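These figures come from a predicted structure and were not determined experimentally. Proteins get letters first, then strands, A, B, ... in listed order; numbering begins at 1 in each.
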Protein chains: 2
Amino acid sequence: MPPPPWRRGTDKPVRQQLGVPAIVAAAMRIMDREGLDAVSMRRVAQELGTGAASLYQHVRNKRELHELILDEVFRDLDVPEPDPTRWQQQLKDLCLDLTRIMLAHPGAAKIGMETLIPTTPGVLVGMDAMMGYMRVGGVPDHLIAKACDPLALMGTAFAYEASLWTTSAAGRAEAHRRIDEIEAYLDSLPHEQLPHLTALRKQIRDEDDGWANFELGIDIFIAGLATYATR
Amino acid sequence: MPPPPWRRGTDKPVRQQLGVPAIVAAAMRIMDREGLDAVSMRRVAQELGTGAASLYQHVRNKRELHELILDEVFRDLDVPEPDPTRWQQQLKDLCLDLTRIMLAHPGAAKIGMETLIPTTPGVLVGMDAMMGYMRVGGVPDHLIAKACDPLALMGTAFAYEASLWTTSAAGRAEAHRRIDEIEAYLDSLPHEQLPHLTALRKQIRDEDDGWANFELGIDIFIAGLATYATR
DNA sequence: TTCTACATACGAACGCCGTTCCCGTCAAGT
DNA sequence: ACTTGACGGGAACGGCGTTCGTATGTAGAA
């Protein structure tokens, strides 16, 4: 039973109850629906029915808000216990999963690239798991510290690139326009210019499936890594 | 003999001679000095002593201007003839060189990441060379088309990340602050949480040299690629 | 119960941004 | 000499991140 109207202090509804979780949730809603560029302080505030200034009580600045989104996304990562007999598969799965969750929230990958060293808990859990797989696989410690970075970078960078054109129909159209441009350019050139690009035109056009492409990239890297393993 | 002063139409000097090369040169000057974010239409126009609107006669929009910068940067790449006996070294050198020139102009890497598929001549020359090395190395054609992408992506992504903190003292300080944050966080946790991250703390802190790190990443990838080569 | 102090909410404003409109001006073609 | 069309650039539109100052609801003190 609601309180009678005359007891309400104001005709305005109850004062907004802001808070970090509400803000992050709103931001993610906007990001998934309209893309990362739409996640501005003003737009998020609007989503919550308030003004931009209010957000600064809970969040230092836009960058911090973005990092909070990234953390939220990483919480979807699940990390099985390392198993020495199939560490390569596990490592690969983790990389693919990492990329998958970023693609599930286009925009997250961009945040991942822009954030120097993500320090939020969700991200650290993922890093720890990745290191674990390499350790049980017998990759030397000094190598792990160095290999972790490019591996995570590959996943993030791929997700970033993919989200550029996967998201919108406009992006996809743009990509095809670009490929056509290149083909036209190749045609306009004497054949001895750019011979390899010319020879591989077919393969490039066929290779439409970016994901298989990426999966292979990870395979290659892990194959290289296994070369260095001692066990 | 110059015309007498009273014959001049205005006291202003001769009409500005704009043009794409002048604009790109000015933009690069600003980028190298103040970073990519400072390369705004207004700022570039100011550098040329004119208004922002004037630039739109020569350049479709800001994105196109950025791509022109990227092309200019890629012109610094030099590409030796492929040599079947040392294709791996050549491939590695190209990747490193690619990354080096991007690091020489911080901001270029960000453009490279943001640009869906760069179609400018300078970039295509680099791609062609990369494919050439793999072909003489006996990497199967269908694989080349797929491997080229992640390889270029690794270089670009690394240069991007590196330029985030290499450029300014502020960035470097930020990076160290982040590492300290992580260490403090690890200390505050029960030991069984994040065990691998904890175990590798030393290696992570020591590994200060990002470049060696990246070089190793490329090595690993090429080692993996050689696994697939038939010759 | 009334008053006070404090944390929070938020309108307004500052100085940026990309882009477009529109008009003045100059140079080349007729 | 006149016309025309391409180019330069001022002003304006709508949006941005962030800060300042003030209003407001609440919790604790008197």
To the nearest Å, give me how far apart [atom1] ([X]) and [atom2] ([N]) are.
| X | N | atom1 | atom2 | value |
| --- | --- | --- | --- | --- |
| K62(A) | dG15(D) | NZ | P | 15 Å |
| D37(B) | dG18(C) | CG | C1' | 14 Å |
| R43(B) | dG18(C) | CZ | C1' | 17 Å |
| Y56(A) | dC16(D) | OH | P | 11 Å |
| Q57(B) | dC21(C) | CD | C1' | 12 Å |
| R63(B) | dG18(C) | CZ | P | 14 Å |
| Q46(B) | dG8(D) | CD | P | 18 Å |
| N61(A) | dC16(D) | CG | P | 17 Å |

If you look at every heavy atom in L194(A) and V125(B), which pair is closest and at what distance?
CD2-CA, 3.8 Å

Give a yes/no on whether any side-chain N or O of [X] is located under 4.0 angstrom from OP1 or OP2 of [N].
| X | N | value |
| --- | --- | --- |
| H58(A) | dT8(C) | no |
| S54(A) | dC10(C) | yes |
| S40(B) | dG18(C) | yes |

Does R33(A), at its CZ atom, have more than 12 non-hydrogen atoms belonging to other residues, nucleotides or ligands within less than 6.0 Å?
yes

Is it true that [X] and [Y] have a side-chain N and a carboxylate O under 4.0 angstrom from each other?
| X | Y | answer |
| --- | --- | --- |
| R201(A) | D187(A) | yes |
| R63(B) | E114(B) | no |
| R177(B) | E174(B) | yes |

Report the nucleotide, chosen from dC17(C), dG8(D), dG10(D), that has the shortest atom-to-atom distance to any side-chain atom of T50(B).
dG8(D)

Nearest to the M41(A) side chain among dA9(C), dG8(D), dT18(D), which nucleotide is it?
dT18(D)

Between the base of dG15(D) and the side chain of R42(A), is one N or O donor paired with an acceptor at under 3.5 angstrom?
no

Given that A53(A) and A53(B) both sit by DNA chain D, which one's nearest nucleotide is further toward the 5' end?
A53(B)

